Amino acid sequence: MKLLTHNMLTSKCLKGVTVGYPLGIVAKDIKVSEVDFNSEFIARIIPKLDWATLWKAAESIGHVGELPQTLIQDFETNEEFLKKVHHVLLEVEVINGDLLCPESGRKFPINDGIPNMLLNEDEV
Amino acid sequence: MASIQLRKLEEYLQQLDGFEKPKVLLEQYCTSAHIASHMLYCAQVQFNDIEGHTVADLGCGCGILSLGAKILGASHVIGFEIDSDALKIQSQNFSEMELFVEAVQCDILQYLPGRFEKYFDTVIMNPPFGTKHNAGTDIKFLEIATKLASNTVYSLHKTSTRNYVLQKAAQYGAKGKVIAELRYDLPKAYKFHRKTSVDIQVDFIRFELN
Ligand SMILES: C[S@@+](CC[C@H](N)C(=O)[O-])C[C@H]1O[C@@H](n2cnc3c(N)ncnc32)[C@H](O)[C@@H]1O
């Protein structure tokens, strides 16, 4: 699971959970690999992100690097900044661990890089 | 322009493994490499909907559509799939290709409504058509797809339900256009079919969101 995907996941589907966002991350295995950089794509995806969630997630797994805590202005043209975002969004990957519902504490396991958001019948 | 030829794409996709023990209830049959490559190639070359785009694959199974989208240059692909066994095969398929596609395990009908809205540029899928017990699953997938996508949805539907599908899509704010009619070979795994396989007519439809 990349942090780009984490940014979108919630546990709102659980019975009794009202926001379910952002999910905490307990990372047991993290992989960092090189991914081709496409500045246009990163610039286009940033407005869709919850920046605070991205920053916190990256920090919590020890990969925040030099990412600023608040989104800078004019990021579209700032190649260096876009590269940092690219790294955090696409190059850092949680292979094994858990996602945690912020309200109920329910764990969603991440195995082999795949978060499992399936629910039991009594949870919906 | 696509960076590789159609024939090459089909060759790549042919190497992928399919379902080991297809689960009939989940309607697990793979899109053939032939159909998958033509769908994706068309989406890229005619409409420029793949390269540099975010793509979702609903019911990604063993990952043939996701991987094809990735090969054609999609920037970020997420496959959504309910079944662990399918996801295992998908992981194996991807590791052999050294290409990266994300996956989220979930029940699409339960988990996706209200999430990832308009997050993806393009959604591609070969949805379960629905059987006697769960008629209209493809329509439910389509409704979700139209919420996830900001530009286009590519999907397969039975030709016999074409008018209904297009009408439903219009309700969801998507204008559908049939791009090709295919003969689709539903495999022998389907025990309730007496013949070893049955050909059905399937439409390949491109839905444009306004
Ligand atoms: C017709 S197969 C297509 C598989 C693959 N996309 C392909 O093109 O080869 C439909 C897939 O949807 C999955 N599926 C069915 N119902 C689902 C649901 N409610 N949530 C998530 N996936 C589902 C099945 O497990 C199966 O892999």
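Atoms considered below: every heavy atom in the structure, side chains included; atoms not considered: hydrogens, waters and symmetry mates. Each chain gets a letter, A, B and so on, in the order its sequence line appears, and its residues count up from 1. On a predicted model such as this, the values are computed, not experimentally measured, just so you know.
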Search all heavy atoms of [X] against all heavy atoms of [Y] and return the closest pair with its distance.
X	Y	result
A:P115	B:A103	CD-O, 3.3 Å
B:E102	A:G113	OE1-O, 4.4 Å
B:S91	A:I114	OG-CD1, 4.0 Å

From [X] atom [atom1] to [Y] atom [atom2], the distance as rounded to the nearest 0.5 Å:
X	Y	atom1	atom2	answer
A:M117	B:I108	CE	CD1	14.0 Å
B:Y111	A:K12	OH	NZ	11.0 Å
A:D112	B:S84	CG	OG	11.0 Å

Ordered numerically, the heavy-atom neighbours of chain A under 4.5 Å found in residues 7-21 of chain B are none

Could you go through residues 81-94 of chain A and list every donor-acceptor pair under 3.5 Å that involves a side-chain atom there, pairing it with any protein atom two or more places apart or in another chain?
| from | atom 1 | to | atom 2 | distance (Å) |
| --- | --- | --- | --- | --- |
| A:H86 | NE2 | A:V35 | O | 2.9 |
| A:H86 | NE2 | A:E91 | OE2 | 3.3 |
| A:H87 | ND1 | A:E91 | OE1 | 3.0 |
| A:E91 | OE2 | A:V35 | N | 2.7 |

Given A:N116, A:V124, A:I110, the one with more heavy-atom pairs under 4.5 angstrom with chain B than any other is A:N116

If you count every heavy atom of other residues, nucleotides or ligands that lies below 6.0 Å from A:D36 atom CG, does the total exceed 12? no

Atom NZ of B:K118: over 12 foreign heavy atoms under 6.0 Å: yes

Quick one: which residues of residues 3-11 of chain A reach chain B at under 4.5 angstrom, heavy atoms only? A:L4, A:T5, A:M8, A:L9, A:T10

Listed by residue number, which members of residues 40-79 of chain A have a heavy atom under 4.5 Å from any heavy atom of chain B? A:F41, A:R44, A:I45, A:K48

Please flag which part of A:N38 lies under 4.5 Å from any non-hydrogen atom of chain B: side chain, backbone, both or neither. side chain

Heavy atoms only, distances under 4.5 angstrom: which of B:Q110, B:E81, B:H53 has the most pairs with chain A? Name it, please. B:Q110

The interface call for B:K88 against chain A, heavy-atom contacts under 4.5 Å, is neither

